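Worksheet for the structure shown next.
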2 protein chains.
Amino acid sequence: MNWVERSQKYTLTDFASGFSISFAGMKFTEAQLSALSGKFERAAREMKLLEAGAIKNPDEQRKVTHFTDRATYPQSAEFREVEEFAARVRNEGKFDAVVVNGIGGSALGPQLMQFAVNGPYWNEMSREQRKNGLKIYFLDNTDSSGFADLLAVMAPERTLHLVISKSGGTQETRNNMVAMEDFYAARNLKFGDYAVAVTMQDSSLYKHAKESGYLKIFNMADSVGGRTSETAIVGHLPAALTGIDFKTFLSGACAMDEWTRSGDVAGNPAMMLASMWYIAGNGNGDRNMVIVPYSDRLVLLSRYLQQLVMESLGKELDLDGNVVHQGLNVFGNKGGTDAHAFIQQLNDGRDDFFATFIEVQQDAAKLPIENNTAMGDYLHGFFEGLCAALRNKGRQVITIRIPQITVFELGQIIALYERAVAIYAEFININAFHQPGVQAYKLAAKDALKLRETVLDTLKQHPEFSGTAAMLAELAGTPEAAVEVAGILDRAAVNGEYVNRTAANGSWIYSVK
Amino acid sequence: MNWVERSQKYTLTDFASGFSISFAGMKFTEAQLSALSGKFERAAREMKLLEAGAIKNPDEQRKVTHFTDRATYPQSAEFREVEEFAARVRNEGKFDAVVVNGIGGSALGPQLMQFAVNGPYWNEMSREQRKNGLKIYFLDNTDSSGFADLLAVMAPERTLHLVISKSGGTQETRNNMVAMEDFYAARNLKFGDYAVAVTMQDSSLYKHAKESGYLKIFNMADSVGGRTSETAIVGHLPAALTGIDFKTFLSGACAMDEWTRSGDVAGNPAMMLASMWYIAGNGNGDRNMVIVPYSDRLVLLSRYLQQLVMESLGKELDLDGNVVHQGLNVFGNKGGTDAHAFIQQLNDGRDDFFATFIEVQQDAAKLPIENNTAMGDYLHGFFEGLCAALRNKGRQVITIRIPQITVFELGQIIALYERAVAIYAEFININAFHQPGVQAYKLAAKDALKLRETVLDTLKQHPEFSGTAAMLAELAGTPEAAVEVAGILDRAAVNGEYVNRTAANGSWIYSVK
């Protein structure tokens, strides 16, 4: 088959929405596709079970309902409650900004949506430009600098706070909540009058929000994981507060869900997408997935998909308990900009990736440059040029084209990748819906905090101490932790707490203050 | 060696600045390091030649002077001119914002610096908070949506425009310039009164700026490549306009240059860093470099390093003309946030990476959470916890610790990676300073634009045309380009130009409007 025939055969188009995806630039054969028929059957069967409510996250004994919930959500009382709450907030005018306090899935989806729909300068627009939509900020870490930066521009009495944590136990989110409560208390403001919680019924956050008289508590479903929560309340509330039409977003997702439920593998974009990942990476993720949207508004898409794909597929064990160390690396930024950055390597360097290019066909503005050629035509030329250059070098490319980027297309894209991830997980026999690796890390972090207590106790007991970190570790009875003790002492010294440090003979010497 | 001994041996510290880097968490042996001795000698020799002014970019017959220029730049008349210009602009108060129009190296460095030093909400601060520093915006693509988004918040009469292009021929930058000139002209404003060019003497941009009466033209050195231009005028002018102390930034870079010139390989952080990349990736970049700064302010670092590393090292040919397809993938975001995203894969999934974690030891604010533990202590605990968890899984980690993140440390980090890249290029015998892969792409983009002309001509000649893209491609005499013709027609239809499209029998049918 030549390029035209191959494109004809392997381009899937939804004529209703104008969404199309082409796999023609990937290296695969019909024989390779046929060899996957057993996997296709399994994936189709398991996705049906999943959507019928089976336990598809066996570790956590949970159902996985994000694909199905969104079909009924717009008709629910919960949906109406969010819309009404958001409309009231926007119309009353008491609040002019919202702070989303959440991490991982509670931040990346809303960030992607805000940037894609409201653009990069939303917070700089006038309230009129925003049509009463709130400005939006994110606390998505436990970094005092992110917190301090926010305070520099936040008007406390005009700011609404969303605290989002499913279990309520997410330490980073809790930290920002505690620090913000302290900040409000110090100004004699009752934080509850400015706060809303999004959490599971009866979680620790739920109880805390009740006791503190939060304005509202919205319920989060146990069966929706963080990284797939953008089509649920986690996505809805920030969207509604900033005036985004969430119903249309869901209809985009549901349209893609419909399409990707198709039993016709060759016509099912999620089945085909997962197949490409599988064939290109030999079922082991041997090639990196490079995501390059040709759209300034979609610059956060790669970060969003990085979480969705890597947290879902990066697993040590398969469902039978075999050690498999699976995964699929995702990175990218935006085209054409990246052509002046890392694309040099894609063109010339290691052939260890497949690229996914996304074109937005509608120009946001008609900006003539010369002759008949407008700014958007150049972007298109760069898009086509890079696709062609890569193909000529034998590099692999998937192209997605959407007529414009509104919430509808965003819903399509997210739903497509969510399903491709779930299907690929079936291909490689893993649980896409848990994150066991995070546990080991949380435990180790607890140990690090415990060690800090030990160090501080030891300093208290030895007020005359002056010596190296190794000496203090010895005193503390943890000589094996000398390196980590140094890390604690260095931070203390830099922050002007507990110890001073000076350099001598190629070591830091710490002295109790 | 146990962990403590290994850390002792392979941690390099600059006691003057408090910068330290540890390679102890990487898997390598003394024997592997010794085996590199020939490469160390070559790199040391070549770096000396480079700094003495040899042609180190043979393809383009250019010297490479970014390491040396920055040592003398602060004493130069050019430096003073930039400082004086910026001080005048800031004090006069005519301008309240600056738009940086530049792509790749002309944008990523200034973006990184702004975010790291002035923080994420700089543009939302009052002029008083900004101490007369200008708000800053970037046009770093040829996307009409980025342009339109800027216009929504830009006050034309109070905005200064920097047009940055070394050759003047960068199409994306030229497009934004043309569109902005049109925008000003339509408002009867003379763009030259609001514009500054940064370019090489006598470039097309230079001539254009002269003719258009730009306020100022700053000279760009031929011997400084885009991706290493942050310590030159490209970094300086945006920094100075926003009140950033560029001299201190350069002193950080120069301090690192001094350190990394050391002939003692084991004590030279750039030699060691390049060695780690080499050993971990078998000299072929077989492992991805994952960059995780534990700092909200450094979230753009991975994107900056992605350009620096991948554009420099991603090469098809070595210096002897052998096909090598080299490269080194870089991605990342920020810790601890990423622990709730892709870190699951690093912990449990494919062992195909080495991570570089960066800790900022000083807390921007003291935010007590409980007992003696403040927000920053948690971030530290998460940092140490993740390092330990990864190590226990046999994953490889480099750690960098800096006391705080000011321009000085930013200069150190940039200079360290610049030199490690140059050294690694010597290890693998490639030219780190050209980007030949971009050429093929530019040519292909031109072809795409030419095809569009052909399509438009064909439509004009056949005003009754109605049919598929393949039919039009046939008419245009380019049947082999049917796919690309469809791309052009789709964009035209979506933008309401030239054609309408309707779906019939599984194809788009286009009709001349």
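As the structure is a computational prediction, the values presented were derived from the model and not from experiment.
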For chain B, which of A:Lys446, A:Arg501, A:Glu316, A:Arg227 has the most heavy-atom pairs under 4.5 Å? A:Glu316
A:Glu384/B:Lys450 ion pair, N-O < 4.0 Å: no
Backbone N/O of A:Ala364 and side chain of B:Ser144: donor-acceptor pair under 3.5 Å: yes
Begin with the C-alpha distance, continue with both residues' side-chain angles, and end with the deciding distance and a verdict on side chain to side chain donor-acceptor pair (under 3.5 Å) for B:Gln326 and A:Asp348. CA-CA 8 Å; B:Gln326 275 285 358; A:Asp348 279 5; over 6 Å; no
Heaviest contributor of heavy-atom pairs below 4.5 Å to chain B, chosen from A:Pro368, A:Gly335, A:Ala374, is A:Gly335
Is B:Arg174 salt-bridged to A:Glu370, going by a charged N under 4.0 Å from an acidic O? yes
Is it the case that the side chain of B:Gln361 and the backbone of A:Val494 share a donor-acceptor pair, with hydrogens and angles ignored and the cut-off at 3.5 Å? no
Return the option, out of A:Ala448, A:Ala341, A:Ala444, with the maximum number of heavy-atom pairs under 4.5 Å with chain B. A:Ala341
Would you sort out whether B:Asp149 and A:Arg297 count as a salt bridge (charged side-chain N to carboxylate O under 4.0 Å, His left out), showing the intermediate values? CA-CA 9 Å; B:Asp149 283 337; A:Arg297 289 281 189 103; 2.7 Å; yes
Examine whether an atom of A:Asn392 lies under 4.5 Å from a heavy atom of chain B, and if so say whether it belongs to the side chain, the backbone or both; otherwise answer neither. neither
What verdict does the side-chain contact (heavy atoms from CB on, under 4.5 Å) test give for B:His380 and A:Arg491, after you've listed the backbone C-alpha separation in whole Å, the side-chain angles of each residue and the deciding distance to 0.1 Å? CA-CA 9 Å; B:His380 174 76; A:Arg491 254 183 57 77; 3.3 Å; yes
Tell me, side chain or backbone of A:Arg6 under 4.5 Å from chain B's heavy atoms, or both, or neither? neither
Just to verify, what does A:Thr337 make a side-chain contact (heavy atoms from CB on, under 4.5 Å) with, not counting sequence neighbours? A:Lys334, B:Ile103, B:Asp140, B:Asn141
Return yes if a side-chain donor-acceptor contact under 3.5 Å exists between A:Asn371 and B:Glu453, otherwise no. no
If we ignore hydrogens and angles and just use 3.5 Å, is the side chain of A:Asp377 paired with the main-chain N or O of B:Leu449 as donor and acceptor? no
Part of A:Gln129 lying under 4.5 Å from any heavy atom of chain B: side chain
Taking 4.0 angstrom as the limit, do A:Arg401 and B:Asp490 come out as a salt bridge? no
Would you check if there is a donor-acceptor pair between the side chains of B:His340 and A:Glu172 at a distance under 3.5 Å? yes
Under 3.5 Å, is there a donor-acceptor pair between the side chain of B:Asp182 and the main chain of A:Leu367? no
